[in-house]
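A short worksheet on the structure shown next.
Counting begins at 1 with the first residue of the sequence. Side-chain atoms are counted along with the backbone in the values below, which use heavy atoms only and exclude waters and symmetry mates.
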Amino acid sequence: MKRSTPIFSITNFVGLLLNPVRKRALISFVILIFQGITEGVGLLLILPLLSIIGVDNLEQSNSKLSSSIQAFFEYIDLPLSLLSILIIYFLILSFYSILKYFQNINTGAINLRITTEWRLHFFKTLSHSSWSKIQAIKTSTLQEILTQEIRKLGGIGNQLIQFSSALIIILIYVTLSLLLSIKLTLLAIIPVGILLLLNRPLNKKIASLGESLIHNNQTLYKTIEEHLTAIKLVKSHNKENQQIEVFKEISNNVETDQIQHIKTSNRTKIIFEILAALAISAYVYLALSYKIVPISELLLLLFIFTRLFPKISSIVGSYQTILNTIPSFESVLNSIELMKDDVPLEKSDLKIVDYVDSIHFENVYFSYPKKSVLSDLSFSIPFKKTTALTGHSGSGKSTTIDLILGLQLPNKGEIKIGKHLLKATDLVNWRSRIGYVPQDPFLFNGTIKDNLLWIKPDATDKEIWSVLKQASAEDFVQNLPNKLDTLTGNRGTQLSGGERQRIALARALLLKPALLILDEATSAIDNDNEQIIKEILNRLHGQVTIIIVAHRSTLIDLADHTIQL
């Protein structure tokens, strides 16, 4: 997503970003206005206070602002005294504190809601995206966006509130200073204008640093993912130090980008602080030399300017932080756009039970972006028979299963269930009757019961034990100390390979599938467990349509017929 100009870009992104929190953002803006007015009124009390302690005479001042303050006290019939001023000041501070309390709560809620809504939006898009589009994005990139980049969006919300707050306060301060002295106020614009001109190249550099940081963070996440996946291989070949050096280099790159951002941001602050000190010195010299304003109003001006310049510096800092974070938002939006599907997966009116029948591939072609896999493939898988799908590695067995599951759609040709053409809108119903057991059976980090209920949340204990018996898993689960409540561990590591395979098979059977697919399901287990799986499938023979994907396996002996790819 190309940026035309920073301001235009920020305007577009702010609209998208704040869309889930529009009401809260409006409430926050109203509170900010009242905070600004309260702070301005508090500043005005300095004039009568200075008059009381003898710095100047409010009554003899020719200033319209001084006259207005005196008229206000007369209007509310309150004597202009130290006690009355302190009482009003106490009430103003109390009101300001209450506003700040609600603002802090509202700001926190906005940040959390932005993060939650965008993370949920991204997760939904990812979950409903087609398998081919998910495969096109690195897992490490998806993890980084879900954990880090989206979390930054809440930070943008916080910076926007700080930006708005500083802007409102600046407007209040400038209004007050104009009422005190137009000449000195106009003079204050000079260092601000110089700062903005000096910041233009810095702003571009900060935006560029944001893009670099995203790239380095993605590389860091990819390295972490690879290391955790290959840690056994790394240790087996004594390559720990080599991996540490790679990780160290990437971590240093991330650190360098962050330090550069800190340096660039603080360069703005130091330039502005020097200009502000110069401007304040000039104000004092001109005001005292030419008696532009009374002493009390000069002191108030100085007080305003000493608070005004840090606010301007803050607003510039918030703007730079937003610029630095915009690439994260772009990364999120681009990934969402990449994962969007043209055809939503919706349930079709035709129930799958009406057309569960033989599966036909008719002149099917399929290729990945850089590789052709299937060419003019035609075959039939008969209903309630066992079919073996065989072929050498890379022949397209897994791709064929992906096509049957609807995870991929053919580039050309047709896939039919009976006489019914399998379309994208039928996939939800179609998959609801498929039991799928992959080569590496995945179990969630929970109990055995949790993993079975995941596929069918309303399953009863009776149904669970029934499918465990079908999958020859009843005895070993009964012998576990916690039985169904036994924790499987991360990816099922607390169970053996054969036990995981049988739990995964039981989970698939809990659906009462019309089609059962075993994708190289015995390639990672020993002969004894393979024999158990073979006996299970032999009992299921003739009850469901079974597809066995295998390169070399005794399960092929169960097949009524074989398809060689």
Using the salt bridge (Lys or Arg N to Asp or Glu O under 4.0 Å) rule, collect all pairs that involve residues 144-153, keeping only residues at least two apart or in two chains. E149-K152
Are T545 and K385 side-chain neighbours, meaning at least one heavy-atom pair lies under 4.5 Å? no
Is there a side-chain contact between S398 and D519 in this structure, where contact means two heavy atoms from C-beta onward sitting under 4.5 Å apart? yes
Report yes or no: do R502 and S496 form a side-chain donor-acceptor pair below 3.5 Å? no
Please test L540 against I546 for side chain to side chain contact (heavy atoms under 4.5 Å, CB included), starting from the C-alpha separation and ending with a verdict. CA-CA 9 Å; L540 291 171; I546 299 174; 4.1 Å; yes
Got a donor-acceptor contact below 3.5 angstrom from the R119 side chain to the I150 backbone? no
Going by the rule ring pair (Phe, Tyr, Trp, His ring centres under 6.0 Å), which residues pair with F379 if we only count those two or more places apart in sequence or in a different chain? F361
May I have the step-by-step check of side chain to side chain contact (heavy atoms under 4.5 Å, CB included) for L516 and I434, ending in yes or no? CA-CA 6 Å; L516 178 63; I434 299 176; over 6 Å; no
Does a sphere of radius 6.0 Å around CZ in R22 hold more than 12 heavy atoms from other residues, nucleotides or ligands, not counting ones at 6.0 Å or beyond? no
Tell me every residue that passes side chain to side chain contact (heavy atoms under 4.5 Å, CB included) with N111, counting only those two or more places apart in sequence or in another chain. T107, N158
Could you tell me whether the side chain of D560 and the main chain of T386 form a donor-acceptor pair under 3.5 Å? yes
For K534, which residues count as a salt bridge (charged side-chain N to carboxylate O under 4.0 Å, His left out) partner, sequence neighbours excluded? D557
Write out all pairs satisfying salt bridge (Lys or Arg N to Asp or Glu O under 4.0 Å) with one or both partners inside residues 405-418, taking only residues at least two apart or from two chains. E362-K416, E414-K416
Is a donor on one side and an acceptor on the other found under 3.5 Å between the side chain of N479 and the backbone of D475? yes
Answer whether the closest heavy-atom distance between the side chains of I563 and T400 falls below 4.5 Å. no
If we ignore hydrogens and angles and just use 3.5 Å, is the side chain of S331 paired with the main-chain N or O of P327 as donor and acceptor? no
Is the backbone N or O of H121 less than 3.5 Å from a side-chain atom of T125, with the two atoms forming a donor-acceptor pair by type? yes
Taking R431 for the side chain and G406 for the main chain, is one N or O donor matched with an acceptor at less than 3.5 Å? yes
Partners meeting side chain to side chain contact (heavy atoms under 4.5 Å, CB included) with E117 (sequence neighbours left out): P20, R113
Closest approach of V437 to A508 (non-hydrogen atoms, all atoms of both residues): CG2-CB, 3.9 Å
What heavy-atom pair brings S367 and S372 nearest, and what distance separates the two atoms? CB-CA, 3.5 Å
Heavy atoms of G396 and V373 approach each other most closely as CA-CG1, 3.6 Å
Under the side chain to side chain contact (heavy atoms under 4.5 Å, CB included) rule, collect the residues that match up with T147, sequence neighbours excluded. Y221
Note, L484 side chain near V477 side chain (heavy atom, < 4.5 Å): yes
Partners passing ring pair (Phe, Tyr, Trp, His ring centres under 6.0 Å) against H561 (at least two apart in sequence or in another chain): none
Considering non-hydrogen atoms only, spot the tightest contact between I114 and G154 and give its length. CG2-N, 4.1 Å
For the pair T223 (side chain) and T219 (backbone), establish whether a donor and an acceptor sit closer than 3.5 Å, ignoring hydrogens and angles. yes
Would you say P410 and I415 make side-chain contact, with heavy atoms under 4.5 Å? yes
Would you mind reporting whether P513 and R433 have side-chain heavy atoms less than 4.5 Å apart? no
By ring pair (Phe, Tyr, Trp, His ring centres under 6.0 Å) - contacts of Y368 (at least two apart): F366
Can you tell if the side chain of I548 reaches within under 4.5 Å of the side chain of T387, non-hydrogen atoms only? no
Check whether any side-chain heavy atom of F476 lies under 4.5 Å from a side-chain heavy atom of I503, and answer yes or no. yes
Are the side chain of N451 and the backbone N or O of F444 linked by a donor-acceptor pair below 3.5 Å? yes
Side-chain atoms of residues 243-252: list all donor-acceptor pairs with protein atoms under 3.5 Å, sequence neighbours left out, distances to 0.1 Å.
residue : atom : partner : partner atom : Å
Q243    : NE2  : H227    : ND1          : 3.4
S251    : OG   : F247    : O            : 2.9
N252    : ND2  : K248    : O            : 3.2

With a 3.5 Å cut-off and no angle check, do the side chains of Q408 and Q135 form a donor-acceptor pair? yes
Using only atom types and a distance under 3.5 Å, with no angle test, would you say the side chain of K483 pairs donor to acceptor with the backbone of I448? no
Locate the shortest heavy-atom distance separating A25 from L18; write the atom from each residue and the value. CB-CD1, 4.4 Å
Do T488 and Q494 have a side chain donor and acceptor closer than 3.5 Å? no
Applying side chain to side chain contact (heavy atoms under 4.5 Å, CB included), can you list everything that pairs with L487, at least two apart in sequence or on another chain? T447
Please list all pairs passing the side chain to side chain donor-acceptor pair (under 3.5 Å) test where one or both residues lie in residues 454-470, with sequence neighbours left out. K449-D461, K456-E463, T460-E463
Can you give me the closest heavy-atom contact between I401 and L389, atom names plus distance? CD1-CD2, 4.0 Å
